[in-house]
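Contents: one structure, followed by commentary.
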There are 2 protein chains.
Amino acid sequence: MTESARPTLSDVAARAGVSASTASLAFSGSGPVSGATKQKVLAAAAELGYAGPDPRAQSLRRGRSGIVGVVLEERVRAAFLDPVKIQMLDGITEGLASLGAGLLLLTDTGEAGGNAVGIESAPVDAVVLVGCSPRLGQSVEVLRRRGIPSVAIEGDAGDGIPKISIDNREATRRGAEYLRELGHADVALVTLPFDAARTRGPLTPDLELGSTAETASERLAGARDVFPEATGRVAGASSIEEGLEAGRALLADPSHRPTAIIAQSDLLAAGVIQAADELGIAVPGELSVLGFDGIRVDGLQHDLTTLVQPSVAKGRAAGEAVVSLLAGDSPRSVCFTSVLHVGDTTAAPSR
Amino acid sequence: MTESARPTLSDVAARAGVSASTASLAFSGSGPVSGATKQKVLAAAAELGYAGPDPRAQSLRRGRSGIVGVVLEERVRAAFLDPVKIQMLDGITEGLASLGAGLLLLTDTGEAGGNAVGIESAPVDAVVLVGCSPRLGQSVEVLRRRGIPSVAIEGDAGDGIPKISIDNREATRRGAEYLRELGHADVALVTLPFDAARTRGPLTPDLELGSTAETASERLAGARDVFPEATGRVAGASSIEEGLEAGRALLADPSHRPTAIIAQSDLLAAGVIQAADELGIAVPGELSVLGFDGIRVDGLQHDLTTLVQPSVAKGRAAGEAVVSLLAGDSPRSVCFTSVLHVGDTTAAPSR
DNA sequence: CATCGACCTCGAATCGATTCGAGGGCTGCG
DNA sequence: CGCAGCCCTCGAATCGATTCGAGGTCGATG
């Protein structure tokens with residue numbers, strides 16, 4: 001009599017003296033079931049300790065799992081360290097709120113182990129691709145084959161995939177123009193990675209041409225719109241650490257030192273400033289630093305001059321686009337605008 | 001001939017001229033399949049654009065979904081704002097790495113909408129309960145009924161649920177003793193919420209006795225071990241905002257002003273310091289502030305005196321406990337030790 | 001009193017893949 | 001040439017719930 005395994009709907013139905021189908025109706029509430037029957041079923045369920053329908057079976061039958069995947073380009077731990085990502089996640093949950101869907105964190109870093117839940121085998125109803133992922137192309141292909149509706153934040157995903165983006169090129173150009181107006185002519189860049197390998201080092205034409213990272217390329221183009229000859233370093237990620245390394249490389253030689261550095265993220269900018277501090281270079285006295293994102297950087301003493309992007313709004317728009325897709329509509333792409341915030345890390349060059 | 005719906009394994013099998021079972025073997029790799037057959041199947045799959053087995057069907061059949069739930073006590077957005085939570089999540093992914101499981105973010109805030117994926121209906125193989133959740137009891141009951149293995153970080157979950165914790169009481173006592181040794185006698189407290197309603201306001205015996213939040217109670221007890229008469233304010237959450245409000249309340253009256261405040265989290269401590277700044281009270285000159293957590297607080301100019309807890313290690317231990325549970329073992333509870341870090345927010349009282 | 005209709009309840013098919021035991025064909029040896 | 005044995009493939013059952021159409025029962029009305 002005592003079932004050792006967990007009870008199923010059939011067990012409950014049997015105990016209540018009704019058929020499985022009726023029990024199902026009683027639970028889901030859809031369909032006409034008499035009050036008495038419903039009570040019987042619920043009572044039987046309570047007696048057996050039935051915890052409700054198995055979500056696995058439900059999702060097979062219904063064809064929906066109620067889970068939305070969030071694909072991060074990095075290891076989860078790395079994404080958590082990036083305030084921009086967190087803000088976007090925050091926005092995504094807001095945008096998805098009406099669905100009541102769970103958020104499954106996925107990463108895009110190649111094939112995982114055999115039984116791992118990766119982008120190619122996650123029980124998700126839709127997916128939000130977050131971040132300027134160099135591997136985006138491959139991810140999109142997998143999702144297309146699986147028929148999973150997707151939304152991309154930053155990064156062109158091709159036909160039918162709504163894209164939530166910002167004016168990377170325009171914004172950077174505005175920032176660069178501001179530097180030029182201040183009088184800067186010798187400007188160096190610290191960019192986000194261009195390829196899937198996250199190659200770190202000098203910014204070379206090879207890397208630029210082989211770029212698979214739209215965001216990095218766009219921001220680069222914006223800077224080049226104003227400073228066509230500008231070159232610099234490619235960071236391996238958006239982090240203070242990487243910015244520090246790039247900053248050291250750019251500032252090491254006192255005879256070839258730029259008067260300003262355009263970093264493609266605030267964290268990189270913070271790293272550059274840290275490098276300047278190490279080398280005794282005054283910011284903004286001897287070096288102006290421009291960031292991108294508009295986050296508050298932990299431990300940074302400066303009010304960074306930066307391009308403030310609406311990260312939360314981006315996430316929210318992505319979440320809403322998912323809702324729309326699952327409702328069968330075809331949401332449009334959205335492009336947000338960034339705003340130049342002038343802080344205390346930029347000034348006229350000392351010459 | 002052209003299937004409009006996505007192909008299934010049977011379609012592939014039919015196209016390859018084999019049975020569905022053989023096709024399954026060919027895909028999963030388990031079981032003896034001749035090379036030629038395997039090739040045929042893979043070729044057919046490629047032609048049909050078959051994207052691999054449906055994870056929903058797999059998880060039904062296998063009884064495992066490859067997903068581990070992380071239950072946060074707050075809205076996801078709130079958790080993302082708490083650096084301690086992020087560090088723990090980080091640790092959890094590390095600990096779970098060997099499983100290759102996906103991480104599903106869940107919240108514990110009452111019943112969600114009808115079709116929402118909540119703790120009572122998420123397709124997860126195991127769950128990590130994160131944070132000192134006042135609703136923990138109810139969550140545990142649901143999970144027990146569902147037969148989902150669980151691990152709790154901070155918060156007693158009862159029989160058979162491994163608990164990952166720190167020495168909340170001991171640590172707070174050590175911090176309090178340090179304050180007493182400095183000469184403080186008039187100490188006020190700012191605590192985390194005690195109940196599910198997150199009641200905010202004066203710290204009353206009623207609230208203390210009705211506590212469902214073990215962490216808050218333990219830290220309170222540690223403080224009382226040294227300052228039995230200490231009282232103070234209960235915050236509605238761990239945030240700078242809440243700390244600010246509590247700090248204002250505690251410091252408003254110049255005639256009854258404590259010489260030190262023990263906050264139950266660094267964010268609360270940062271808020272208290274902000275309140276002191278507003279009121280022109282020097283820290284640590286006129287007011288000493290003790291925190292808990294050991295995170296770097298964004299924008300805080302001080303080196304906070306605090307009890308540093310190993311957040312990442314806690315998460316990692318929880319992840320490893322989940323792996324162990326799923327392997328059929330019975331992992332033991334773990335209790336980590338916090339370390340008092342003396343920064344520049346504590347000093348001897350001015351008189 | 002008989003028949004029609006409304007309201008419930010039930011059976012059976014289905015979602016897509018996995019798995020185990022059985023059977024069939026081929027090879028090699030006696 | 002015949003038979004044993006092995007390797008591969010197949011059928012069928014199963015995971016647990018949902019859903020649609022059919023059938024049954026009871027009440028109401030002519």
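A note on names: the letters A, B, ... follow the listed sequences, proteins ahead of strands, and every chain is numbered from 1.
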So B:Pro53, base contact, sugar-phosphate only, or nothing? Heavy-atom distance under 4.0 Å. sugar-phosphate
Heavy atoms under 4.0 Å, any strand shown: does B:Thr22 hit a base, just sugar-phosphate, or nothing? base
Looking at residues at least two apart in the chain, or sitting in another chain, which of them share a side-chain contact (heavy atoms from CB on, under 4.5 Å) with A:Ser30? A:Leu25, A:Ser28
Quickly work out the B:Arg64 CZ to C:dT19 P distance and round it to whole Å. 13 Å
How many whole angstroms separate atom CZ of A:Arg56 from atom C1' of C:dT14? 19 Å
Can you tell me if the side-chain N/O atoms of A:Tyr50 get under 4.0 Å from OP1 or OP2 in D:dA17? yes
Between C:dT18 (P) and B:Phe27 (CZ): distance, integer Å: 10 Å
Which nucleotide in the list C:dC8, C:dC10, D:dT19 gets nearest to the side chain of A:Pro32? C:dC8
Separation of D:dG11 atom P from B:Leu9 atom CG, nearest Å, is 14 Å
What's the angle between the local helix axes at either end of the helix from C:dC1-D:dG30 to C:dG30-D:dC1, using five pairs per end and rounding to 10 degrees? 60°
Under 3.5 Å, is there a donor on one side chain and an acceptor on the other for B:Ser19 and B:Thr22? yes
Distance in angstrom units between B:Lys40 NZ and D:dC8 C1', rounded: 11 Å
Between A:Arg15 and A:Glu47, does any NZ, NE, NH1 or NH2 come within less than 4.0 Å of an OD or OE carboxylate oxygen? yes
Presence of salt bridge, A:Lys163 and A:Glu214, under 4.0 angstrom: yes
Under 3.5 Å donor-acceptor pairs involving side-chain atoms of residues 319-329 of chain A, not counting sequence neighbours:
none

Hey, does the side chain of A:Thr8 come within less than 4.0 Å of D:dG16's phosphate (OP1/OP2), counting only N and O? no
So, using side-chain contact (heavy atoms from CB on, under 4.5 Å) as the criterion, who are the partners of A:Ser10 when residues are at least two apart? A:Thr8, A:Ala20
Between D:dA17 atom P and A:Asp54 atom CG, what is the distance in whole Å? 6 Å
N/O contacts under 3.5 Å, protein versus nucleotides 20-26 of chain D?
none

Separation of B:Arg61 atom CZ from D:dC15 atom P, in whole Å? 7 Å
Integer-rounded Å distance: D:dA13 P and B:Leu60 CG: 18 Å
Side chains of A:Thr212 and A:Asp195: is there a donor and an acceptor less than 3.5 Å apart? no
So which one's nearest nucleotide on DNA chain C is more toward 5', A:Ser34 or B:Gln58? A:Ser34
Distance-only donor-acceptor hits, side chain of residues 48-62 of chain A, under 3.5 Å, sequence neighbours excluded:
| residue | atom | partner | partner atom | Å |
| --- | --- | --- | --- | --- |
| A:Tyr50 | OH | A:Gly52 | O | 3.4 |
| A:Asp54 | OD1 | A:Arg56 | N | 2.7 |
| A:Asp54 | OD2 | A:Arg56 | NH2 | 3.4 |
| A:Arg56 | NH1 | B:Gly63 | O | 3.4 |
| A:Ser59 | OG | A:Pro55 | O | 3.3 |
| A:Ser59 | OG | A:Arg56 | O | 3.1 |

Return yes if a side-chain donor-acceptor contact under 3.5 Å exists between B:Thr215 and B:Glu154, otherwise no. yes
